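Keep in mind it's a predicted model, so treat the numbers as computed, not measured. Letters A, B, ... mirror the listed sequences (proteins, then strands); counts begin at 1.
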Amino acid sequence: MLRYVSNKVTVFLTSRVYSTRSHVGSTISSNSWTTVVTALAQSGVIDALHAAVELLNDGDKPDDASALIHLLRVSGNNGYVSLCRQLHGYVLKHGYVSKTRLSNSLMRFYKMSDSLEDAHKLFDEMPEPDVISWNSLVSGYVQAGRYQDGLCLFLDLHRSDVVPNEFSFTSALAACARLGILLLGACIHSKIVKLGMERGNVVVGNCLIDMYGKCGSMDGAVLVFQHMEERDTVSWNAIVASCSRNGELELGLWFFHQMPNPDTVTYNELIDAFVKCGDFDSAFQILSCMPNPNSSSWNTILTGYVNSEQSSEATLFFTQMHSSGVRFDEYSLSIVLAAIAALAVVPWGSLIHSCALKLGLDSRVVVASALIDMYSKCGMLKQAELMFWTMPRKNLIAWNAMIYGYARNGDSTQAIKLFNQLKQERFLKPDGITFLNLLAVCSHCEVPMELTLGYFEMMVNEYGIKPRVEHCCSLMRAMAQRGEIWQAKRVIQEFGFGFDGVAWRALLGACSAGKDLKAAKAVAAKMVVLGEVDEDEYVYIVMSNLYAYHERWREVSQIRKIMREKGVEKEVGSSWIQEQNFAMQF
DNA sequence: TTAGGGTTAG
């Protein structure tokens, strides 16, 4: 068996080695593990790998695990995935599994090659995982965006006999930050203080600032920053980012002016801060004056336009990026695709698609998901499907984008079918967005009420997702469509959204769709009590239209009068003209 | 203590 495996190793290696060999020349004169390890650690990497494989082929077992660790590191770093997997087989066969460091090294390889499940399996098989084994897996999950899995594992670590260290806490804090779980983040902070890890480790401090900032606690972020014994550029950037994120522009600028050596990230944070408060002029000013702007600097402004629903401006800015010679990255493309999706201009979307193909970015998850989204928003479901099914790796965002595509185009059968397929996926599970899309399908198409309710219950009970107001709105729309307005009203109360204007607004929309004047009057009255009516023409328009439908003209003119008095008037319909310039730029 | 683990922008 070993001979067979090793032969494959040799074949694999030689097929890649020959071309480089003539340039590098052989540096290995005598084959022994000592010389091989020295070579692996220094130079002549390819030759050293070759020599190592020859030793394995000859049945020459390494004295200890360290040679195999070196071998794994070097082969992993050079992309010899198949060799690494075969080395794992060798490790299993020759009983090296109990060597914790060696297993950690294998875990590193599996993490590097995006095989977290293999890393976890290996971890489970380790007789004595140490703190590095735990940290490696926790950080693997966190870096892969599987924050909940990472946190669960971190909590398991806490319950184990292994003592967590600084590294364990930094990964856990990053997960809390991304999930916005301030309570757990603060608990971890107190644990860090108790263990005396807060001082003397700048990275821990940086993670704390980031966690507080992302969880909306500006005070927490500033407090940590002020108490840090040592600060590096990341600390300063993290505090400026916290200010930007929490709308504290002036405080952010104050920190910026104190900062010894601002770098590109710092300037980008400032651009972001200005863009977030709508001050695009200042953002431009920083962009034109900053020392080393990169694609992120431009992308930040581009994102600002998209987030403030200025899609046309976003596309114009994108052409400006192109003419300024900015190198587009996957984010530039995905952001501009969002703008194009909002404008629903298919030719521009196709142009960006070609651009992505040309740059070799079309299979990146952010770009592919944005393309799916753009095509489905433009009504081109077949194109969206093609993108989805040809993606080499589909993450949840891609699945959600495709389900949303069906939802938007009213194809409930396909949306539900795809959702059922997603449920079968081993390493993905539906999230709140998935269910939002699914419930939207149910509320727009004629999906049986039992099925709709079933999905809602599945979300809460099976997947433990707390319903947000948007989920309840979809459920209410579905109920209202069947004339069950009063049951829909019960949903608002039952899930504690009685004081949420958005929920009542949705219910009013549902009453309007069902032409139910009596129910609409009750809902509008509730909205008046909640103060949701002032400066919002929606309630007036809905009520006026409903009264008109029921030919109650006296009430219609009364509402129009109130609207005139309050200065709330129906928005004038707007249209857009395609800027031909955009297409001309490419 | 040369081998394995951590932080900031979208």
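Within a 6.0 Å sphere centred on CD of A:Gln258, other residues, nucleotides and ligands contribute more than 12 heavy atoms.
Going from atom CG of A:Asn237 over to atom P of B:dA9 covers 9 Å, rounded to whole Å. Protein atom CH2 of A:Trp236 is 19 Å distant from nucleotide atom P of B:dT8, rounded to whole Å. Atom-to-atom, CG of A:Asn135 to P of B:dT7 comes out at 11 Å; the value is rounded to the nearest Å. When the P atom of B:dT8 is taken as reference, atom CG of A:Asn206 falls 9 Å away, rounded to whole Å. Between the CZ atom of A:Arg327 and the P atom of B:dG10 there is a distance of 22 Å, given to the nearest Å. In this structure, A:Glu166 places its CD atom 13 Å from C1' of B:dT7, rounding to the nearest Å.
The six-membered or imidazole ring of A:His88 lies near that of A:Tyr110, with a centre-to-centre distance under 6.0 Å. Between A:His353 and A:Tyr375, the distance separating the two ring centers is shorter than 6.0 angstrom. Aromatic pair A:Phe225/A:Phe255: ring centres closer than 6.0 Å.
Counting any heavy atom pair closer than 4.0 Å across all strands shown, A:Asn299 reaches a base atom. Contact annotation for A:Val142: no contact, since no heavy-atom pair falls under 4.0 Å across all strands.
For A:Lys191 and A:Phe169, the positive end is not near the middle of the six-membered ring at less than 6.0 Å and at most 45° from its axis.
Note that CG of A:Asn261 is 6.5 Å distant from OG1 of A:Thr233, once rounded to the nearest 0.5 Å.
For B:dT7, neither phosphate oxygen OP1 nor OP2 lies less than 4.0 angstrom from any side-chain nitrogen or oxygen of A:Lys214. Within the 4.0 Å cut-off from OP1 or OP2 of B:dG6, at least one side-chain nitrogen or oxygen of A:Ser139 is found.
No hydrogens or angles were tested; on distance alone, nothing pairs the side chain of A:Arg73 with the base of B:dA3 as donor and acceptor under 3.5 Å. Looking at A:Asn201, its side chain comes within 3.5 Å of the base of B:dG6 through a donor and an acceptor atom. Counting distance only, with no hydrogens placed and no angle test, the side-chain atoms of A:Ser296 and the base atoms of B:dG10 include a donor-acceptor pair under 3.5 Å.
A heavy-atom distance below 4.0 Å to DNA chain B is reached by none of the residues of residues 360-371 of chain A. Near-neighbour residues of DNA chain B inside residues 248-283 of chain A, defined by a heavy atom below 4.0 Å, number-ordered: A:Val265, A:Asn268, A:Glu269.
With B:dG4, B:dA9, B:dT7 as the candidates, the nucleotide lying closest to the side chain of A:Arg108 is B:dG4. Side-chain proximity of A:Thr303 to B:dG6, B:dA9, B:dG10: nearest is B:dG10. For A:Gln143, taking side-chain heavy atoms from C-beta onward, the closest of the listed nucleotides B:dG6, B:dA3, B:dG4 is B:dG6.
A:Asp329 places no side-chain N or O within 3.5 Å of a backbone atom of A:Ser296 that could act as its donor or acceptor partner. Although no hydrogens or angles enter the test, the distance criterion places a donor-acceptor pair under 3.5 Å between the side chain of A:Ser217 and the main chain of A:Gly220.
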- Query: Under the side-chain hydrogen bond (donor to acceptor under 3.5 Å, both in side chains) criterion, do A:Thr264 and A:Asn294 qualify, and how do the steps go?
  - Reply: CA-CA 8 Å; A:Thr264 305; A:Asn294 57 13; 5.1 Å; no

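Ring geometry, A:Phe318 versus A:Phe328: the interplanar angle falls under 30°, so the pair is classed parallel (tilted spans 30 to 60°).
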